[in-house]
J.: 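Here it is: the structure, laid out below.
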Amino acid sequence: MSTTYSVTDGVAVISLANPPVNGLGQSTRAGIVDGLNKALADDAVSAVVLTGAGKVFCGGADIREFGTPAAFAEPGLHAVIRAIEASTKPVVAAIHGVVMGGGLELALGCHYRVVVPGVQVSFPEVNIGLIPGGGGTQRMPRVIPVEMTLQMVTSGASVASEKLYKVPGQKLFDRLVDGDLVLGAIAFAKEIAAVRPMPLVRHLLVQASSDPELFNKARAEMAKARKGLISPQRCIDAVEVATQMNIDAGIDRELEIFMDIMVGTQAKAMQHAFFGERAAAKIPDVPDNTPVRDIKRVAVIGAGTMGGGITMCFLNAGIPVTLLEMKQEAIDRGVGVIRKNYEAQVAKGKLAQDKYDARMALLQTTLSYDDIAQADMVIEAVFEDFGVKSQVFTKLDQIMKAGAILASNTSTLDVDKIAEVTQRPSDVVGLHFFSPANVMRLLEVVRSKHTAKDVMATVMQVAKKIKKVAVVSGVCDGFIGNRMFEPYTRQAFFLVQEGATVQQVDKAAEAFGFAMGPFRVGDLAGNDIGWAIRKRRAIERPDVIYSKVGDAICELGRFGQKVGKGWYDYEAGKREPVPSAEVQAVIDKVRADKGITARAISDDEIVSRLVLAMVNEGAQILEEGIANKASDIDMVYLTGYGFPLVWGGPMLYADLMGLPKVVEKMKQFAANPNDDQAFWQPAPLLVTLASEGKTFTGVKL
Ligand SMILES: NC(=O)c1ccc[n+]([C@@H]2O[C@H](COP(=O)([O-])OP(=O)(O)OC[C@H]3O[C@@H](n4cnc5c(N)ncnc54)[C@H](O)[C@@H]3O)[C@@H](O)[C@H]2O)c1
């Protein structure tokens, strides 16, 4: 039983005891009912306090039970709440730390709720593709205004208990306790023990809104803010039900919506992302108890685009940084950009002035390596040139204290070789941040063949501190993300060469859910970057074939937004892409030179070719062990490349399509003489999984 039971002063105390968050697993649920029955049978008990052991009241469903029969084993959460509501002795929820989802629904089923300040109160279900399914959408608008309920249920964000306590007319919390919660709750329970009839949330009226358009406005807002997501819409439907039906009919309807949405693709995708983020922190051969190095002070080399953003990540986390450059002008420019970024946040009210000052006070700058020698970790972000980087690492090797971690932010260079420049290759690791580094959540941690396990454990922990989603990648050209992006872009080129227009490809990708189509991304990032990579690859990988369209537009200087023209034209000072006749003429010429007759290509084919190109590369990445697991690849794409959350990443997309169908489509593409026929041979791992009826991700489909 994951609960404990004791009696103090005539009050029974049932304590949820299911670490880490007192999740409502089957044995916790059974324990609550069992404790309640004991209390009811004991004449010496006049009231019951329900609380949580450890740091929190209850974090909701036990995620370890997801997808297992235990999740549905009796007593279910509804049955537990019914038992509490039927109790002839009052039940007081005593709440601290966190009260989330099912935990909040449990508390709403109690007769009274007492709380300490600083508790995080939330319904996070929307973020895993669900709605609250334990009566939350029906009981919550009976204790706080329906507008606030809507806000909480659709955002999943937590609200502080003291803030909710101050809401006029609220009936969520009966008392705000200062000091010892359980003692306070016992005292409260004794005060109300004899009060009859006992209050229940189900007997209250919904705190209705005066705005008849409330729900429609919320629907429109969510359609914009959380485009393509079903769960926020269904959350709104469920809260609206509370205003239309009686509580029992409302609870039934909520459960119907919950069951319907739970079996859908989006819920699977969002849960895959939720678990994938946590799983990414685990490295198979680096156990959780691996000792970590203490990182108190960081140095960053290079105050350019990346160095500045990386510096901000550490300052934001309260970790002091020394920023090293070659010249004072470069420091002044870099620090100026950091200041400008922070000042914009202050102006928007997103950062308090004193926090800004505190962050800047953690920053030191220098032109001398002597000043960084004592740093615990140094991150190099100088020019992408092996000669320059090897000079920097040689110097670091000479001066850095023993045990310091030496990291490189390289996007394309071989981290094994960078490590070998030093006498301490096991201290070297790649930390591939994405631009803007202070904003993007993804961090590829590039593990060289030399990197020590404790270095890996340490950087994974540091990544968490600076709020990044760290995904481990082995050493290869492009690591996980850029390596898979390359065949995606190559397909975009083949598609326009074959007859699709630039706009059609972008629109199809955007309708699928990408934030931007491949050509708009090219224009934003700079088409010259890919051009340089293609020139290098022409020597290193002559087997990889490209349509000439990419080179042809670069030969015209169409490098993208920064020069006002790329795959699209741009009016001065505007970012709106305008279709370009010049680009179309270039594409038509490349096509004619190849002797290809343009054909109409469906949006469906466009999306399949773009996404399955990533999938085939992803399968090879898995097979080579560059990624440890399919969900790691999906996390890279969800957090670094704007892949639509509703599909859960490229590998889950393939699983949802069905791997036999994926193989079949690739074979069709391989039969197209105007496509990259060699590339479309399905990767051996994909063929094996498909033939064995398995999936990449292991998600139950
Ligand atoms: N820009 C991106 O989107 C991006 C993304 C991920 C990784 N990266 C990688 O990050 C690194 C830096 O890229 P960036 O875009 O910030 O370049 P950048 O040109 O904006 O900045 C490089 C900075 O390094 C400084 N520098 C050069 N040599 C130095 C030396 N020997 N000692 C000290 N400082 C030196 C330069 O003065 C300059 O300020 C590269 O390896 C790049 O591949 C870039």
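Starting from 1, each residue takes its place in the sequence as its number. Because the structure is predicted, anything quoted here is derived from the model rather than measured.
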J.: Check step by step if side-chain contact (heavy atoms from CB on, under 4.5 Å) holds for N316 and K467.
T.: CA-CA 10 Å; N316 295 351; K467 298 201 164 69; over 6 Å; no
J.: For the residue pair D371 and T366, confirm or rule out a side-chain donor-acceptor distance under 3.5 Å.
T.: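 Side-chain D/A pair, D371 to T366: present.
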J.: Between E486 and N482, does a side chain to side chain donor-acceptor pair (under 3.5 Å) hold up when you go through it step by step?
T.: CA-CA 6 Å; E486 211 266 339; N482 286 342; over 6 Å; no
J.: Side chain of D385, backbone of V388: donor and acceptor closer than 3.5 Å?
T.: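 Indeed, once roles are kept as given, a pair shorter than 3.5 Å links the two residues.
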J.: Evaluate whether atom NZ of K562 has more than 12 neighbouring non-hydrogen atoms of other residues, nucleotides or ligands under 6.0 angstrom away.
T.: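 Yes - once you tally the heavy atoms of other residues, nucleotides and ligands closer than 6.0 Å, there are more than 12.
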J.: Measuring from I301:CD1 to E380:CD, what's the distance to the nearest 0.5 Å?
T.: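 So the gap between those two atoms works out to 7.5 Å.
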J.: Within a strict 4.5 Å, meaning less than it, do heavy atoms of the L442 and F433 side chains meet?
T.: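 Result no, sub-4.5 Å side-chain heavy-atom pair not found.
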J.: Between the side chains of R558 and D569, is the shortest nitrogen-to-carboxylate-oxygen separation below 4.0 Å, so that they form an ion pair?
T.: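 Looking at D569 and R558, the cut-off is met.
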J.: Hey, could you give me the CG/CE distance between D427 and M377, rounded to the nearest 0.5 Å?
T.: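 With rounding to 0.5 Å, CG (D427) is 12.5 Å from CE (M377).
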J.: If only atom types and distance count, is the side chain of T149 paired as donor or acceptor with the main-chain N or O of P145 below 3.5 Å?
T.: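 Checking the backbone N and O of P145 against the side chain of T149, a donor-acceptor pair under 3.5 Å is found.
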J.: Can you confirm whether F274 sits close enough to R278 that some side-chain heavy atom of one is under 4.5 Å from a side-chain heavy atom of the other?
T.: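 They are in side-chain contact.
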J.: Which heavy atom of Q170 sits nearest to which heavy atom of L172, and what is that distance?
T.: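 Nearest pair, atom of Q170 first, then L172: OE1-N, 2.6 Å.
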J.: Would M400 and I372 satisfy side-chain contact (heavy atoms from CB on, under 4.5 Å), going step by step from the backbone distance to the final call?
T.: CA-CA 7 Å; M400 294 306 292; I372 65 165; 4.1 Å; yes
J.: A quick test of your reading: do over 12 heavy atoms of other residues, nucleotides or ligands sit less than 6.0 Å from NZ of K282?
T.: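 Counting other residues, nucleotides and ligands, NZ of K282 stays at 12 neighbours or fewer.
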J.: Does the pair T410 and E384 meet the rule for a side chain to side chain donor-acceptor pair (under 3.5 Å), with working shown?
T.: CA-CA 6 Å; T410 182; E384 187 74 347; 2.8 Å; yes
J.: Answer yes or no: is there a donor N or O on one side and an acceptor on the other, between the side chain of N22 and the main chain of G52, under 3.5 Å?
T.: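 Checking the backbone N and O of G52 against the side chain of N22, no donor-acceptor pair under 3.5 Å is found.
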J.: CZ of F519 to OG1 of T489: how many Å apart, nearest 0.5 Å?
T.: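 Interatomic distance, F519 CZ to T489 OG1, rounded to 0.5 Å: 8.5 Å.
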J.: Side chain to side chain donor-acceptor pair (under 3.5 Å) between Y369 and Q398: does it pass, once the steps are laid out?
T.: CA-CA 10 Å; Y369 275 86; Q398 288 162 5; over 6 Å; no
J.: Are there more than 12 heavy atoms of other residues, nucleotides or ligands under 6.0 Å from atom CD of E221?
T.: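 Atom CD in E221 is not crowded, with 12 or fewer foreign heavy atoms closer than 6.0 Å.
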J.: Locate the shortest heavy-atom distance separating N127 from M270; write the atom from each residue and the value.
T.: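 Reported closest heavy-atom pair: O-CE, 3.6 Å.
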J.: When rounded to the nearest 0.5 angstrom, what distance separates OG1 in T458 from CG in D294?
T.: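 Output value for this atom pair is 9.0 Å.
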J.: So L396 and V378, do their side chains get closer than 4.5 Å, heavy atoms only?
T.: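 In short, these two side chains touch, coming nearer than 4.5 Å.
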J.: Under a 4.5 Å cut-off applied to non-hydrogen side-chain atoms, are F57 and V119 in contact?
T.: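 Not in contact.
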J.: For G276, is there any backbone N or O sitting under 3.5 Å from a side-chain donor or acceptor partner on D634?
T.: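 Between the backbone of G276 and the side chain of D634 there is no qualifying donor-acceptor contact (under 3.5 Å).
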J.: Considering all heavy atoms of both residues, which atom of S408 and which atom of K389 are nearest to each other, and what is their separation?
T.: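 In this case the closest contact between S408 and K389 is OG-CD, 4.0 Å.
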J.: Does S158 use its side chain to pair, donor to acceptor, with the backbone of Q120 at less than 3.5 Å?
T.: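 Pair absent, no side-chain N/O of S158 close to backbone of Q120.
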J.: Do F512 and W647 have side-chain heavy atoms sitting under 4.5 Å apart?
T.: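 In short, these two side chains touch, coming nearer than 4.5 Å.
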J.: Go through it in stages, so that I can follow the logic: the residues are T422 and T394, the test is side-chain contact (heavy atoms from CB on, under 4.5 Å), and I'd like the CA-CA distance, side-chain angles, deciding distance and then a yes or no.
T.: CA-CA 6 Å; T422 73; T394 304; over 6 Å; no
J.: Are there more than 12 heavy atoms of other residues, nucleotides or ligands under 6.0 Å from atom NZ of K401?
T.: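 Yes - once you tally the heavy atoms of other residues, nucleotides and ligands closer than 6.0 Å, there are more than 12.
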J.: Has the side chain of H96 got a donor or acceptor atom that lies under 3.5 Å from a matching backbone atom of G54?
T.: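 Checked: pair present.
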J.: Is the charged tip of R219 near the ring of F215: under 6.0 Å from the six-membered ring centre and within 45° of its axis?
T.: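 No - R219 does not lie over the ring of F215 by the 6.0 Å and 45° rule.
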J.: Do you know the tightest heavy-atom contact between A375 and V298?
T.: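 Minimum heavy-atom contact is CB-C, 4.2 Å.
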J.: Between I418 and L413, is there a side-chain heavy-atom distance shorter than 4.5 Å?
T.: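 They are in side-chain contact.
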J.: Between the main-chain N or O of A303 and the side-chain N or O of E325, is there a donor-acceptor pair closer than 3.5 Å?
T.: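 Checked: pair present.
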J.: In terms of heavy-atom contacts, does CZ of R575 have more than 12 from other residues, nucleotides or ligands at under 6.0 Å?
T.: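 No.
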J.: Could you tell me if the side chain of M460 sits less than 4.5 Å from the side chain of V286, heavy atoms only?
T.: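 No, their side chains stay 4.5 Å or more apart.
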J.: Check the side chains of D357 and Y342 for a donor-acceptor pair under 3.5 angstrom, ignoring hydrogens and angles.
T.: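 Per modelled atom types, Y342 and D357 side chains form no pair under 3.5 Å.
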J.: Show your reasoning for whether salt bridge (charged side-chain N to carboxylate O under 4.0 Å, His left out) applies to K227 and E510.
T.: CA-CA 11 Å; K227 205 168 142 206; E510 286 156 22; over 6 Å; no
J.: Any side-chain heavy atom of L104 within less than 4.5 Å of one from V121?
T.: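 Contact flag for L104/V121 side chains = yes.
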J.: Got a second to check how far R339's CZ is from L363's CG, nearest 0.5 Å?
T.: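 The CZ atom of R339 sits 8.5 Å away from the CG atom of L363.
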J.: Taking R424 first and then D397, would you say they form a salt bridge - that is, a charged N and a carboxylate O separated by under 4.0 Å?
T.: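 Yes, charged N to carboxylate O under 4.0 Å.
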J.: Could you pull out the closest heavy-atom pair between A381 and I310, with the gap in Å?
T.: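 Reported closest heavy-atom pair: CB-CD1, 4.3 Å.
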J.: Does the ring center of F643 lie less than 6.0 Å from the ring center of Y488?
T.: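 Here the rings of Y488 and F643 have centres that are no less than 6.0 Å from each other.
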J.: Scan side-chain atoms only and decide if E576 and Y568 contain a donor-acceptor pair under the 3.5 Å cut-off.
T.: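 No - no donor-acceptor pair under 3.5 Å links their side chains.
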J.: Is it true that a side-chain atom of D523 and a backbone atom of K565 form a donor plus acceptor pair closer than 3.5 Å?
T.: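 Such a contact is absent between D523 side chain and K565 backbone.
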J.: Any sub-3.5 Å donor-acceptor pair from K468's side-chain atoms to A437's backbone N or O?
T.: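 Judged by distance alone, yes, a pair lies under 3.5 Å.
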J.: For residues Q345 and N341, is any side-chain donor paired with an opposing acceptor at under 3.5 Å?
T.: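 No pair is found: no donor N or O on one side chain lies under 3.5 Å from an acceptor on the other.
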J.: Check the pair R297 / Q364 against side-chain contact (heavy atoms from CB on, under 4.5 Å), numbers first and verdict last.
T.: CA-CA 11 Å; R297 166 143 224 115; Q364 285 178 8; 3.7 Å; yes
J.: Using modelled atom types and a 3.5 Å cut-off, is there a donor and acceptor pairing between side-chain atoms of S209 and backbone atoms of E147?
T.: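 No, S209 side chain to E147 backbone: no donor-acceptor pair under 3.5 Å.
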J.: Dump the intermediate steps for side chain to side chain donor-acceptor pair (under 3.5 Å) on S473 and R447, then the final yes or no.
T.: CA-CA 6 Å; S473 170; R447 181 179 189 175; over 6 Å; no
J.: At their closest point, which heavy atom of P141 faces which heavy atom of G136, and how far apart are they?
T.: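 The pair with the smallest heavy-atom distance is CD-O, 4.0 Å.
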J.: Counting neighbours of CD on Q353 that are heavy atoms of other residues, nucleotides or ligands and sit closer than 6.0 Å, is the number greater than 12?
T.: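 Count over threshold, so yes.
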J.: Does the pair F434 and H432 meet the rule for a ring-ring contact (aromatic ring centres under 6.0 Å, His included), with working shown?
T.: CA-CA 7 Å; F434 287 71; H432 186 215; 4.5 Å; yes
J.: Out of curiosity, I283 CD1 to K629 NZ, how far, rounded to the nearest 0.5 Å?
T.: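 It comes to 8.0 Å.
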